[in-house]
Amino acid sequence: MNYDTDNIFAKILRGEIPSDKVYEDDYALAFNDITPQAPVHVLVIPKGEYISFDDFSATGSVEEISGFYQAVQKVAAQLKLQDDGYRVISNMGANAHQEVMHYHLHILAGCDLGRMIKSGLAE
Ligand code: 5GP
């Protein structure tokens with residue numbers, strides 16, 4: 001699969017579509033999810049053209065990868081999420097229902113998030 005420069009997050013990065021920005025630096029942009037699944041639901045995306053966690057981890061530079069993950073922590077710190085905790089999720093590919101083909105992490109917080117996934121999937 002090739003990176004589609006017309007995906008929605010690419011358009012947000014280029015400023016063609018508005019977003020509710022939470023944080024930005026050289027490596028990452030963070031903004032509120034348009035359909036929040038928790039009181040805090042922030043998406044963090046790298047500035048580079050990467051399709052997924054798999055693509056970013058395999059082909060991103062060390063600088064991009066370290067800068068991106070440090071940005072994720074900065075977002076959590078800026079929102080003061082450390083004390084009560086938060087969840088970081090990345091959906092990769094079809095089984096995980098990845099919808100937007102620009103790599104992103106979800107930061108979820110602000111309430112008890114329950115178990116990691118619905119029970120019974122291993123049966
Ligand atoms: P995925 O399933 O790919 O991991 O999640 C994509 C996320 O992007 C979803 O939670 C969805 O609500 C969010 N999303 C889709 N389009 C937009 C948009 O235009 N703006 C924002 N802020 N979030 C979006």
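We count ligands from 1, going down the list as the structure has it; atoms in each ligand are counted the same way. Just so you know, these numbers use all the heavy atoms, side chains as well, and skip hydrogens, waters and symmetry mates.
Side-chain atoms of Gln82 never come within 3.5 Å of backbone atoms of Asp84 as a donor-acceptor pair (strictly under, hydrogens ignored). For Gln78 (side chain) and Val22 (main-chain N/O), a donor-acceptor pair under 3.5 Å exists by modelled atom type.
The aromatic rings of His41 and His106 are tilted relative to each other, their planes meeting at an angle between 30° and 60°. Using the six-membered ring where Trp is involved, Tyr69 and Phe56 have ring planes that are tilted, between 30° and 60° apart.
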Filter the ligand 1-protein atom pairs down to N or O on both sides and distance under 3.5 Å, then list them.
from: ligand 1; atom 1: 2 (O); to: His97; atom 2: O; distance (Å): 3.0
from: ligand 1; atom 1: 2 (O); to: Glu99; atom 2: N; distance (Å): 3.4
from: ligand 1; atom 1: 3 (O); to: Glu99; atom 2: N; distance (Å): 2.7
from: ligand 1; atom 1: 3 (O); to: Val100; atom 2: N; distance (Å): 3.0
from: ligand 1; atom 1: 3 (O); to: His104; atom 2: NE2; distance (Å): 2.9
from: ligand 1; atom 1: 4 (O); to: Asn91; atom 2: ND2; distance (Å): 2.9
from: ligand 1; atom 1: 4 (O); to: His104; atom 2: NE2; distance (Å): 2.8
from: ligand 1; atom 1: 4 (O); to: His106; atom 2: NE2; distance (Å): 2.8
from: ligand 1; atom 1: 5 (O); to: His104; atom 2: NE2; distance (Å): 3.3
from: ligand 1; atom 1: 5 (O); to: His106; atom 2: NE2; distance (Å): 3.4
from: ligand 1; atom 1: 10 (O); to: Asp33; atom 2: OD1; distance (Å): 3.3
from: ligand 1; atom 1: 10 (O); to: Asp33; atom 2: OD2; distance (Å): 2.5
from: ligand 1; atom 1: 12 (O); to: Asp33; atom 2: OD1; distance (Å): 2.5
from: ligand 1; atom 1: 22 (N); to: Asn32; atom 2: O; distance (Å): 2.9
from: ligand 1; atom 1: 22 (N); to: Ile34; atom 2: N; distance (Å): 3.4
from: ligand 1; atom 1: 23 (N); to: Ile34; atom 2: N; distance (Å): 3.3

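Scored by the salt bridge (charged side-chain N to carboxylate O under 4.0 Å, His left out) test, Lys11 finds no partners at all (sequence neighbours excluded).
In this model, a donor atom of one side chain and an acceptor atom of the other lie less than 3.5 Å apart for Glu64 and Tyr50.
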